[in-house]
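Down below is the structure, laid out as structure tokens.
What you see below is based on every heavy atom in this structure, not just the backbone, and it leaves out hydrogens, waters and symmetry mates. Here the structure is a predicted model, which is why all the values come from computation and not from measurement.
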Amino acid sequence: EVQLVESGGGLVQAGGSLRLSCAASGFTFDDYAIGWFRQAPGKEREGVSCISSSGGSTYYADSVKGRFTISRDKRKNTVYLQMNNLKPEDTAVYYCAADNIWYYSGSYRPEPTDFGSWGQGTQVTVSS
């Protein structure tokens, strides 16, 4: 059974940092791309960042480029999202998702429908 467990969310002031973790189990970690998505109240779920199965290719939404960094640790079966210089508009529930995105390329842009396995989400709140 695929399991994804997010952690690391919380309340932080604008300009602060958080590191989200996504601990994966129940599948071959090295075969799966991992994406981070977020959903704010009243808004659609949007792709924030994504990392290919090899870790060699990454994606960032324009709104987080230069502030967020995604990485994966195969020894710990964990993907991280380092979030710096947080802004109030980053406030949302953050979800990690996994799937075998065999067509992943340098131009890949993650969509929620591409991913079949999801974590429960972790709340990130940025105060102004």
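The CZ atom of Arg38 lies 14.0 Å from the CD atom of Glu44; values are rounded to the nearest 0.5 Å. In this structure, OG1 in Thr58 is found 14.0 Å from CD1 in Ile34, a value given to the nearest 0.5 Å. Between Ser117 atom OG and Leu4 atom CG the span is 6.0 Å, to the nearest 0.5 Å. Here Leu81 contributes atom CG and Ser49 contributes atom OG; the two are 5.5 Å apart, rounded to the nearest 0.5 Å.
Partners of Asn84 by side-chain contact (heavy atoms from CB on, under 4.5 Å), not counting sequence neighbours, listed by chain and number: Ser17, Gln82. Listed by chain and residue number, Leu18, Leu20, Met83, Tyr94, Val126 satisfy the side-chain contact (heavy atoms from CB on, under 4.5 Å) test with Val124 (two or more places apart in sequence, or in another chain). Gln39 is linked by a side-chain hydrogen bond (donor to acceptor under 3.5 Å, both in side chains) to Arg45, counting only residues two or more places apart in sequence or in another chain. Every residue two or more places apart in sequence or in another chain that forms a salt bridge (charged side-chain N to carboxylate O under 4.0 Å, His left out) with Arg67 is listed here: Asp90. Looking at residues two or more places apart in sequence or on another chain, you find a side-chain contact (heavy atoms from CB on, under 4.5 Å) between Ser54 and Ser52. Every residue two or more places apart in sequence or in another chain was checked for a side-chain hydrogen bond (donor to acceptor under 3.5 Å, both in side chains) with Lys87, and none qualifies. Judged as a disulfide (SG to SG under 2.5 Å), and not counting sequence neighbours, the contacts of Cys22 are Cys96.
The stretch residues 11-59 participates, sequence neighbours left out, in these ring pair (Phe, Tyr, Trp, His ring centres under 6.0 Å) pairs: Phe27-Tyr32, Phe37-Phe115, Phe37-Trp118. Screening residues 53-85 for disulfide (SG to SG under 2.5 Å) gives no qualifying pairs among residues at least two apart or on separate chains. Sequence neighbours left out, not one pair with a member in residues 2-26 passes ring pair (Phe, Tyr, Trp, His ring centres under 6.0 Å). Applying the side chain to side chain donor-acceptor pair (under 3.5 Å) test to pairs two or more places apart or on separate chains, those with a residue in residues 97-107 are Tyr103-Asp114, Ser105-Ser107.
Each of Arg75, Arg72, Lys74 was compared with Asp30 under the salt bridge (Lys or Arg N to Asp or Glu O under 4.0 Å) criterion, and only Lys74 meets it.
Of all heavy-atom pairs spanning Ala14 and Pro88, the tightest one is CB-CD, 4.1 Å. Heavy-atom minimum distance, Ile70 versus Cys50: CD1-C, 3.7 Å.
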**Request:** Might you work through the side-chain contact (heavy atoms from CB on, under 4.5 Å) test for Thr78 and Ser21, ending with a clear yes or no?
**Result:** CA-CA 7 Å; Thr78 299; Ser21 299; 4.2 Å; yes
**Asked** Is there a side-chain hydrogen bond (donor to acceptor under 3.5 Å, both in side chains) between Thr125 and Gln123 once you walk through the steps?
**Response** CA-CA 6 Å; Thr125 303; Gln123 176 70 47; 3.3 Å; yes
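Side chains of Leu86 and Phe68 form a contact here, defined as non-hydrogen atoms less than 4.5 Å apart.
No continuous path of ILVMFWY side-chain contacts below 4.5 Å connects Val64 to Tyr95, so the two sit in separate hydrophobic clusters.
As a member of the Ile/Leu/Val/Met/Phe/Trp/Tyr network built from side-chain separations under 4.5 Å, Leu11 groups with nothing else and remains a singleton.
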